[in-house]
Amino acid sequence: MVMANGSTQTFGAKSTTKVGFLLLDHFTMISLASSIEPLRMANQLSAEELYSWSLISENGQSVTASDGLSLTPDFSMEDSTGFDLIVVAGGVDITRTFSAKQVSWLMRQSRKGVRLGGICTGAYVLAYAGLLNGYQCSVHWECLTALQETFPKVNCNNKLFSIDKDRLTSSGGSAPMDMFLNMMTKQHGPKLSNAISDMFICDRIRNESDQQRMPMRQFNSIGMCTPKLVDVIELMENNLEEPIELDELATFVDVSRRQIERMFHRHLDCSPSRYYLRLRLERARKLLKQSNMSIVEISMACGFISTPHFSRCYRKHIGVSPRDERKTAWKAEVADAPSVDKGAILYIPHAQDALSHSYTEPSYGSVAVL
């Protein structure tokens, strides 16, 4: 295949790139659709079979997505052969939705030279298998903290997606579409990928430099946040393990300590130190819910001077102790889930199933929408 710059890139000798999607329990449908639809449209617009795609499950049985809908795969893992690229489709509750058999199968595919990818939280499984060591890796921001701490050999980032040699990893939502469109640009040139973007009413094809989650985005979008405040928060978010003193933050962003305090009180209705503490506690909560790190390790990773200090702060601001938070997060039952007034709202079964599951999946409630 000839690229725009005259070089070539192929996935093998075949003209059709064969892509397989390994579906994990509770995968996110939007990420899967964002991956498959560009492949379909590439064939439609080129009038060639540039891509083929198949759904794979561990045993060939149907797999239920996070929205409660079930998909019937085309193949079981044992029947899946000849793929050029295999993509792990992850979703919620990623630490408990994959099996040792799936990990072993992915390792065998790697030894065969098959390209591997992950969408939404699928990169977590590749990292668990040791298949992302030394690679750039993108994963949904909700899973990023756990992956960084659990797999230090993986070069995690906050990008929408990463294409690093024979590994393609993407965050969630619509980001897989951008990843696949960038892949198509490398294979077939920009004319095709731009045409697909137009068909899907995308204003542009985002690239690997785009970030999936920017600080204070919700405030910036309506003009409620200043660039200097964003700079301070970025520094805070990037230095949770070893917090920076307020005077140092002021020096880094070239404003006075008093100016920073005024900005936080005006835009966020809290002090800089309280906001910084909130960020560290949010990180701690994700690690308690999503990782097997000890409470001592988590307290150190989140910049607390001691485990008792961490426990006191956590109980004061979150309302429960770190130990109780972890016990609740890993309950298998949903007995404590809030009851639903079925007389007030009519729920379809899929919505009820998805809501019930959300109360016990590890990342539920780590972000509050007010």
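Below, all heavy atoms of this structure are taken into account, side chains as well, without hydrogens, waters or symmetry copies.
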Is any side-chain heavy atom of [Y] closer than 4.5 Å to one of [X]?
{"X": "Asn43", "Y": "Trp53", "answer": "yes"}
{"X": "Ile205", "Y": "Ser193", "answer": "yes"}
{"X": "Leu116", "Y": "Asp166", "answer": "no"}
{"X": "Met183", "Y": "Lys186", "answer": "no"}
{"X": "Pro190", "Y": "Thr185", "answer": "yes"}

Have Thr145 and Arg285 got a donor and an acceptor in their side chains that come within less than 3.5 Å?
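No donor-acceptor contact under 3.5 Å links the two side chains.
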
Can a side-chain donor-acceptor contact be found between Tyr124 and Gln290 if the only test is distance below 3.5 angstrom?
no

Which class fits the ring pair Phe151 and Tyr128: parallel under 30°, tilted 30 to 60°, perpendicular over 60°?
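Answer is perpendicular, since the angle exceeds 60°.
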
Could you go through residues 247-259 and list every donor-acceptor pair under 3.5 Å that involves a side-chain atom there, pairing it with any protein atom two or more places apart or in another chain?
from   : atom 1 : to     : atom 2 : distance (Å)
Asp247 : OD1    : Arg257 : NH1    : 3.2
Thr251 : OG1    : Asp247 : O      : 3.1
Ser256 : OG     : Gln259 : N      : 3.0
Ser256 : OG     : Gln259 : OE1    : 3.3
Arg257 : NE     : Glu261 : OE2    : 3.4
Arg258 : NH1    : Glu261 : OE1    : 3.4
Gln259 : OE1    : Ser256 : N      : 2.9

Between atom OG1 of Thr95 and atom NZ of Lys289, what is the distance when rounded to the nearest 0.5 Å?
11.5 Å

Going from CG on Leu268 to CE on Met263, what distance comes out if it is rounded to the nearest 0.5 angstrom?
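It comes to 10.0 Å.
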
Partners of Ser162 by side chain to side chain donor-acceptor pair (under 3.5 Å), sequence neighbours excluded?
Ser138, Asn157

Using residues 306-319 as the side-chain source, report each donor-acceptor pair under 3.5 Å to any protein atom, sequence neighbours left out, with the distance given to one decimal.
from   : atom 1 : to     : atom 2 : distance (Å)
Ser306 : OG     : His309 : N      : 3.2
Ser311 : OG     : Thr307 : O      : 3.2
Tyr314 : OH     : Glu325 : OE2    : 2.7

Could you check Lys286 against Glu149 for salt bridge (Lys or Arg N to Asp or Glu O under 4.0 Å), going step by step and ending with a plain yes or no?
CA-CA 11 Å; Lys286 290 177 183 177; Glu149 293 294 337; over 6 Å; no

How would you list, by chain and number, every residue that makes a side-chain contact (heavy atoms from CB on, under 4.5 Å) with [X], sequence neighbours excluded?
{"X": "Asp25", "value": "Val63, Thr97"}
{"X": "Lys112", "value": "Gln109, Val114"}
{"X": "Glu241", "value": "none"}

